[in-house]
Amino acid sequence: MDDHKEREHSHSGHGHGHGHGHDEHDAPHSHLPSDPALRVKALETLLVDKGLVDPAALDALIETYEHKIGPRNGAKVVAKAWCDPDFKAWLLRDATAAIASLGFTGRQGEHMVAVENSAALHNMVVCTLCSCYPWSVLGIPPVWYKSEAYRSRAVIDPRGVLSEFGVTLPETAAVKVWDSTAEVRYLVIPQRPEGTDGLNEEQLAELVTRNSMIGTELLSADSGSEQP
């Protein structure tokens, strides 16, 4: 079956120099910080030196996004969807409201869409023009998500990109690529691993990884380890 490579949303008013301004574009395989990263660091140093920004406040902000807002929020959403059919139906119908009901709201999580993986369909998320990402449920985006290589190839050759993540899908499964924008961001509901019938919601959440909610990993009963 041919892959279904779809881009459901336009990037109107979005992307390089036209509406975003919230993410840097990291150069893959670079050993030095990107130019935007260097500029941000210089600006941070200037603001701290002038007493306009409290370094402790910056550290607290980073800590929040890395460890409190991170992908564990999304994992709880997925685990609840696996356990509660009514919540799952709500999540697929109105992801923004369903996710907000769990308290996960905020920056870049205002307009969410949830898509569900199955044996017949695998969903994968990319932002082809920059790095739109649902921070409120997945935390800080991984470097590879922002790389030009991922952004340019995910739509053209999704199976090839997935194979580099160690994901091999049966030919009978379609691949659907969702292109995030400034207006809409996506959360993939991965397939519940086999052999997890006896696990409760909290235990299931431990199995859900960030990459599985982007669509670049298949889960198993042994999933849940740290990811690059």
Side-chain angles (χ1 to χ4, degrees), residues 1-9 28 71-72 74-85 87-93 95 98 112-128 131-134 137-138 141-181 184-199 201 203-228:
M1 179 179 295
D2 292 336
D3 294 345
H4 300 286
K5 304 166 186 173
E6 297 191 12
R7 298 180 57 185
E8 297 290 331
H9 298 271
R72 301 328 305 162
K76 292 176 183 176
V77 173
V78 169
K80 186 170 182 60
W82 283 344
C83 296
D84 183 342
F87 179 80
K88 178 180 172 181
W90 186 16
L91 183 65
L92 291 171
R93 184 175 68 253
M112 295 291 302
V113 170
V115 292
E116 182 182 17
N117 282 351
S118 67
L121 174 65
H122 183 87
N123 296 284
M124 179 180 176
V125 181
V126 67
C127 178
T128 54
S131 54
C132 294
Y133 192 77
V137 289
L138 295 186
V143 171
W144 57 260
Y145 184 84
K146 299 182 288 184
S147 72
E148 183 176 353
Y150 180 77
R151 292 187 288 115
S152 63
R153 294 181 54 224
V155 173
I156 299 172
D157 181 22
R159 287 182 185 271
V161 172
L162 287 172
S163 70
E164 294 170 12
F165 281 91
V167 175
T168 302
L169 300 172
E171 289 299 321
T172 53
V175 180
K176 193 167 186 175
V177 180
W178 300 87
D179 196 355
S180 290
T181 73
V184 180
R185 293 176 174 81
Y186 298 93
L187 174 70
V188 174
I189 305 173
Q191 287 185 274
R192 179 170 173 165
E194 295 182 357
T196 60
D197 291 347
L199 300 185
E201 195 170 308
Q203 292 169 321
L204 287 170
E206 293 298 319
L207 303 179
V208 182
T209 65
R210 177 198 62 205
N211 286 8
S212 72
M213 293 181 282
I214 301 174
T216 56
E217 182 183 0
L218 301 178
L219 295 180
S220 70
D222 298 323
S223 297
S225 59
E226 293 294 326
Q227 301 165 347

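These numbers come from a predicted model, not from an experiment. The first residue in the sequence is number 1, and the count goes up from there.
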Next on the checklist: When you measure from the side chain of Asn123 to the backbone of Val188, do you find a donor-acceptor pair of N or O atoms at a distance under 3.5 Å?
Outcome noted: no
Next on the checklist: If we ignore hydrogens and angles and just use 3.5 Å, is the side chain of Arg151 paired with the main-chain N or O of Lys146 as donor and acceptor?
Outcome noted: yes
Item to check | Interatomic distance, Asp157 atom CG to Glu164 atom CD [nearest 0.5 angstrom] | outcome: 8.0 Å
Item to check | Distance, nearest 0.5 Å, that separates SG of Cys83 from CZ of Arg192 | outcome: 5.0 Å
Next on the checklist: Are the side chains of Met124 and Arg159 in contact, using a 4.5 Å heavy-atom criterion?
Outcome noted: no
Checklist entry - Does Arg210 reach the main-chain N or O of Pro141 with its side chain, forming a donor-acceptor pair under 3.5 Å? => result no
Checklist entry - How far apart are the closest heavy atoms of Ala119 and Ala173, and which atoms are they? => result O-CB, 3.6 Å
Checklist entry - Is it true that a side-chain atom of Arg185 and a backbone atom of Tyr133 form a donor plus acceptor pair closer than 3.5 Å? => result yes
Next on the checklist: Determine whether Asp179 and Val126 satisfy the following criterion, side-chain contact (heavy atoms from CB on, under 4.5 Å), listing intermediate values before the conclusion.
Outcome noted: CA-CA 5 Å; Asp179 196 355; Val126 67; 4.3 Å; yes
Next on the checklist: Is any side-chain heavy atom of Leu169 closer than 4.5 Å to one of Val167?
Outcome noted: yes
Checklist entry - Looking at Ala98 and Phe87, what are the two nearest heavy atoms and their distance? => result O-CE1, 3.4 Å
Checklist entry - Side chains of Trp144 and Ile214: does their closest heavy-atom pair fall under 4.5 Å? => result yes
Checklist outcome for this item: Between Cys132 and Cys127 the two heavy atoms that sit nearest each other are N-SG, 3.2 Å
Item to check | Over all atoms of both residues, closest heavy-atom pair of Pro190 and Ser212 | outcome: CG-OG, 3.7 Å
Checklist entry - Just how far is it from atom CD of Glu116 to atom CG of Leu91, taken to the nearest 0.5 Å? => result 9.0 Å
Checklist entry - Parallel, tilted or perpendicular: which describes the rings of Trp178 and Tyr186, with under 30° parallel and over 60° perpendicular? => result tilted
Checklist entry - Given side chains that start at C-beta, do those of Gln191 and Leu218 come closer than 4.5 Å, heavy atoms only? => result no
Checklist outcome for this item: One should read off an interatomic distance between Met213 CE and Thr216 OG1, to the nearest 0.5 angstrom, of 10.5 Å
Next on the checklist: Do Leu92 and Lys88 have side chains that approach each other closer than 4.5 Å (heavy atoms only, starting at C-beta)?
Outcome noted: yes
Checklist outcome for this item: Closest non-hydrogen atoms of Ala205 and Ala79, given as atom of the first, atom of the second and distance, are N-CB, 3.6 Å
Next on the checklist: Please verify the inter-ring angle class for Tyr145 with Tyr150; under 30° counts as parallel, over 60° as perpendicular, anything in between as tilted.
Outcome noted: tilted
Item to check | Any Leu121 side-chain heavy atom under 4.5 Å of Val115 side chain | outcome: no
Next on the checklist: Quick one, Leu199 and Leu207 - any side-chain contact, counting heavy atoms below 4.5 Å?
Outcome noted: yes
Item to check | Where Val208 and Arg72 come nearest, the two heavy atoms and their spacing | outcome: O-NH1, 3.0 Å
Next on the checklist: Using the rule given for side-chain contact (heavy atoms from CB on, under 4.5 Å), can you reason through Leu204 versus Val78, listing the C-alpha separation, both sets of side-chain angles and the distance that settles it, and then say yes or no?
Outcome noted: CA-CA 9 Å; Leu204 287 170; Val78 169; over 6 Å; no
Checklist entry - Going by heavy atoms in the side chains, are His122 and Leu162 under 4.5 Å from each other? => result yes
